[in-house]
Amino acid sequence: MMPFFQIMTFVVAQRPQTPTPTPTPTPVPSPNMELLMQQIKFLQDSNTQLTASFNSFVSALSLSFVVIALVLGLLGAFGAFFYGKAINDVKQSTGALVRQ
C-alpha cells in the first residue's frame with residue numbers, strides 16, 4: 001500500500017494544465033443568417049399585432065359583459081316592480097274576499 005503522501009503527489013502531478021483560450025471567430029453574415037433575421041423580425045411584428053388584437057378582443061368582451069349585466073339588472077328591476085305590484089293586487093283582492 002502506498003503512503004498517503006505519495007498518492008497525493010501522484011494526483012497533483014496528474015492535474016491537467018489550464019487550456020489557453022481559443023480566439024473567437026468574427027461572424028460573417030450569411031444568407032441563412034439574413035433569412036433567420038428576417039424571420040425573427042416577422043415573428044416579432046406578428047406577435048405585436050396579435051397582442052394588440054387580443055387586447056381589443058378582451059376589451060370588447062368586457063364591454064359586452066357590462067352591457068349584459070346592465071340589461072339583466074334592468075330586467076330584474078322591472079320584474080321586481082311588476083311582481084311587487086301583482087302581490088299587492090293579490091293581497092287587496094284576497095282581503096276584499098275575506099271581508100265579504
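Numbers here are sequence positions counted from 1. Since we're looking at a predicted model, the values are computed, not measured.
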Show which side-chain atoms of residues 48-55 pair as donor or acceptor with protein atoms under 3.5 Å away, not counting sequence neighbours.
residue, atom, partner, partner atom, Å
Thr48, OG1, Gln44, O, 3.0
Thr51, OG1, Asn47, O, 2.8
Asn55, ND2, Thr51, O, 3.3

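- Atom CG in Leu75 sits 11.0 Å away from atom CG in Leu70 (nearest 0.5 Å).
- Phe65 and Val58 fall within a single hydrophobic cluster, where Ile, Leu, Val, Met, Phe, Trp and Tyr are joined by side-chain heavy atoms under 4.5 Å apart, directly or via other members.
- Between Lys85 and Asp89 no salt bridge is recorded (no basic side-chain N to carboxylate O distance below 4.0 Å).
- Legend: residues meeting side chain to side chain contact (heavy atoms under 4.5 Å, CB included) with Leu35, ordered by chain and number and at least two apart, are Gln38, Gln39.
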